[in-house]
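Report on one structure; see the data block that follows.
Since we're looking at a predicted model, the values are computed, not measured.
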Amino acid sequence: MTVAEDQGGELSEYDRGLPRKRVAAGVLFFDVAGRVLLVDPVYKEPWEIPGGAVEENESPRDGAAREVKEELGLVRAVGRLLAVDWAGPRPGRSEGITYVYEGGLLAPQDAADIRLPPKELRGFEFVDPERVGERLIPLLTRRVQAAVAARLEGRTAELEKGVPVG
């Protein structure tokens, strides 16, 4: 069902003329040592955080929880919003907005319960926040490090291309 159908009618001319942006949502999980969970996608290089595209008529928070279930096999409540990041267009990608949520602590038993979909993810690893740049593209490195800092400071980071603004 489209948004227009859900609302019982067609989109207004004004609404049809508005630009559309990609929306994604990711979740930061931590181990007891404070390391961040990264996942290794089968379909692309390099690594990522758990998450993905938010579907039509789905909130970013619900999309993040769905992606955690699909990618890790974990059913967990998504915590507070750590960061919102706008990224402009780049080769092969339109502009988009990414929401990064707190996933909380994954105890050793929780990590042992992770079940990766073999057609989507090769593996996962906990990585020190200072070393995520060894696995992530620069944009995602900046985003993750800003979200980790926001978590520690009890705030939400507003980012553009992974760089704090405001």
Side-chain angles (χ1 to χ4, degrees), residues 18-56 58-74 76 78-106 110-111 114 116-166:
L18 293 173
R20 303 291 180 228
K21 295 182 186 324
R22 276 181 308 106
V23 177
V27 181
L28 290 185
F29 290 101
F30 299 85
D31 69 3
V32 294
R35 297 176 300 175
V36 178
L37 179 76
L38 301 181
V39 293
D40 185 11
V42 169
Y43 55 91
K44 68 177 183 175
E45 295 293 333
W47 291 54
E48 292 269 354
I49 63 172
V54 174
E55 296 178 355
E56 186 174 12
E58 180 179 54
S59 74
R61 178 176 293 280
D62 287 346
R66 175 186 49 77
E67 287 286 344
V68 166
K69 182 178 179 185
E70 290 175 4
E71 292 185 352
L72 304 178
L74 300 176
R76 294 180 61 104
V78 174
R80 71 181 188 83
L81 180 64
L82 297 176
V84 177
D85 190 10
W86 173 83
R90 58 186 195 268
R93 284 285 179 95
S94 59
E95 69 175 324
I97 297 173
T98 300
Y99 294 78
V100 180
Y101 293 94
E102 164 80 47
L105 178 70
L106 286 181
D110 297 321
I114 291 175
L116 302 178
K119 292 183 178 180
E120 190 170 349
L121 297 173
R122 278 187 281 267
F124 69 92
E125 185 175 337
F126 287 97
V127 178
D128 287 319
E130 311 79 47
R131 300 189 70 187
V132 296
E134 297 171 11
R135 298 283 172 101
L136 305 176
I137 63 171
L139 169 63
L140 193 50
T141 297
R142 293 188 303 270
R143 181 180 296 150
V144 166
Q145 289 176 337
V148 168
R151 177 181 183 252
L152 293 172
E153 296 167 9
R155 62 178 177 79
T156 299
E158 179 185 358
L159 310 170
E160 290 185 6
K161 300 179 185 175
V163 177
V165 296

ask   = Taking NZ, NE, NH1 and NH2 as the nitrogens, is one of them in Glu48 or Arg135 under 4.0 Å from a carboxylate oxygen of the other?
value = no
task = Name all residues meeting the salt bridge (Lys or Arg N to Asp or Glu O under 4.0 Å) criterion together with Glu67; count only those two or more places apart in sequence or in a different chain, and write none if there are none.
result = none
query = Please walk me through it: do Val27 and Val100 pass side chain to side chain contact (heavy atoms under 4.5 Å, CB included)?
reply = CA-CA 6 Å; Val27 181; Val100 180; over 6 Å; no
Expected output: side-chain Asp85 to main-chain Thr98 donor-acceptor under 3.5 Å = no
key: Residue pairs involving residues 155-166 (criterion side-chain hydrogen bond (donor to acceptor under 3.5 Å, both in side chains); sequence neighbours excluded)   = Glu153-Arg155
key: Derivation and outcome, side chain to side chain contact (heavy atoms under 4.5 Å, CB included), residues Arg142 and Val163   = CA-CA 7 Å; Arg142 293 188 303 270; Val163 177; 3.9 Å; yes
ask   = Ala146 and Ala157: which non-hydrogen atoms are nearest, and at how many Å?
value = O-CB, 4.2 Å
inquiry  = On a heavy-atom basis, which atom in Pro60 and which in Ala25 lie closest, and how many Å separate them?
reply    = O-CB, 3.4 Å
note = Taken in chain and number order and not counting sequence neighbours, the residues that satisfy side chain to side chain contact (heavy atoms under 4.5 Å, CB included) with Leu152 are Val148
request  = Measure across Phe126 and Phe30 and return the closest heavy-atom pair with its distance rounded to 0.1 Å.
outcome  = CE2-C, 3.8 Å
ask   = Partners of Gln145 by side chain to side chain donor-acceptor pair (under 3.5 Å), sequence neighbours excluded?
value = none
Contact summary for Leu139 and Ala87, nearest pair of heavy atoms = CD2-CB, 4.0 Å
inquiry  = Distance check, rounded to the nearest 0.5 Å: Leu37 atom CG versus Leu28 atom CG?
reply    = 9.0 Å
key: Evaluation steps, side chain to side chain contact (heavy atoms under 4.5 Å, CB included), between Val68 and Phe29   = CA-CA 10 Å; Val68 166; Phe29 290 101; 3.8 Å; yes
Where at least one partner belongs to residues 88-98, residue pairs that pass salt bridge (charged side-chain N to carboxylate O under 4.0 Å, His left out), sequence neighbours excluded = Lys21-Glu95
ask   = Considering all heavy atoms of both residues, which atom of Pro129 and which atom of Val36 are nearest to each other, and what is their separation?
value = CG-CG2, 3.9 Å
request  = State which residues pass salt bridge (Lys or Arg N to Asp or Glu O under 4.0 Å) with Arg131; sequence neighbours excluded, sorted by chain then number.
outcome  = Glu134
ask   = Who passes side chain to side chain contact (heavy atoms under 4.5 Å, CB included) against Val84, sequence neighbours left out?
value = Leu81, Ile97, Tyr99
ask   = Measuring from Phe124:CZ to Leu116:CG, what's the distance to the nearest 0.5 Å?
value = 6.0 Å
task = Kindly indicate, with the supporting measurements, whether the criterion side chain to side chain contact (heavy atoms under 4.5 Å, CB included) is fulfilled by Val32 and Leu106.
result = CA-CA 7 Å; Val32 294; Leu106 286 181; over 6 Å; no
query = Any side-chain heavy-atom pair from Leu82 and Arg151 closer than 4.5 angstrom?
reply = yes
Qualifying side-chain hydrogen bond (donor to acceptor under 3.5 Å, both in side chains) pairs with a residue from residues 31-42, counting only residues at least two apart or across chains = Asp31-Arg35, Asp40-Arg122
ask   = Would a distance-only check, ignoring hydrogens and angles, find a side-chain to backbone donor-acceptor pair under 3.5 Å from Glu71 to Pro117?
value = no
note = Sorted by chain and number, sequence neighbours left out, side chain to side chain contact (heavy atoms under 4.5 Å, CB included) with Pro46 holds for Ile137
ask   = Is Arg22 reaching over with its side chain to a backbone N or O of Ser94, donor-acceptor style, under 3.5 angstrom?
value = yes
remark   = Taking every heavy atom of Trp47 against every heavy atom of Gly123, the minimum-distance pair comes out as CZ3-O, 4.3 Å
task = Could you check Leu140, Ile49, Thr141 and say which one makes a side-chain contact (heavy atoms from CB on, under 4.5 Å) with Val132?
result = Thr141
request  = Under the salt bridge (Lys or Arg N to Asp or Glu O under 4.0 Å) rule, collect the residues that match up with Asp128, sequence neighbours excluded.
outcome  = none
Residues that Glu120 engages under salt bridge (Lys or Arg N to Asp or Glu O under 4.0 Å), provided they are two or more places apart = none
Residues forming a side chain to side chain contact (heavy atoms under 4.5 Å, CB included) with Arg61, sequence neighbours excluded = Ser59, Val78, Tyr101
